[in-house]
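Just so it is clear, the model here is predicted, and its values are computed rather than measured. Start at 1 with the first residue, then count along the sequence.
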Amino acid sequence: PTRMLVESSVYEEAVLFAKGFAEEEEVGSAHEKGDFIGPVVSQAQYDRVQKYIQLGIDEGARLVTGGLGRPEGTNGK
């Protein structure tokens, strides 16, 4: 999902939940079985992802995990 609508009274709890969920996801091969985030397969796709992260930052988003650049543990290929 790209959005979550939550009551303001549980906002911080929802942020921590989403952060934990994102940090537990693994990057994996499209050929593997299981739940994971598939690879970014081209420079164009990588650039697009980076653009959306930067756009969020520019519009006031608060990053709680991840961010610009390649995730730890990826080989960059």
Legend entry - Partner set under side chain to side chain contact (heavy atoms under 4.5 Å, CB included) for Ala14, not counting sequence neighbours: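 Ala14: side chain to side chain contact (heavy atoms under 4.5 Å, CB included) contacts with Met4, Val6.
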
Legend entry - Contacts of Glu24 that satisfy side chain to side chain contact (heavy atoms under 4.5 Å, CB included) - sequence neighbours left out: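 Partners of Glu24 under the side chain to side chain contact (heavy atoms under 4.5 Å, CB included) test: none.
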
Expected list for residues 37-46: side-chain donor-acceptor pairs under 3.5 angstrom, two or more places apart:
unit_1	atom_1	unit_2	atom_2	d
Ser42	OG	Gln45	N	3.1
Gln43	NE2	Asp47	OD1	2.7
Gln45	OE1	Val41	N	2.9

Residues 50-69 side chain polar contacts: donor-acceptor under 3.5 Å, at least two apart:
unit_1	atom_1	unit_2	atom_2	d
Gln50	OE1	Gly69	N	2.8
Gln54	NE2	Asp58	OD1	2.7
Arg62	NH2	Glu12	OE1	3.4
Arg62	NH2	Glu12	OE2	3.3
Thr65	OG1	Glu23	OE2	2.8

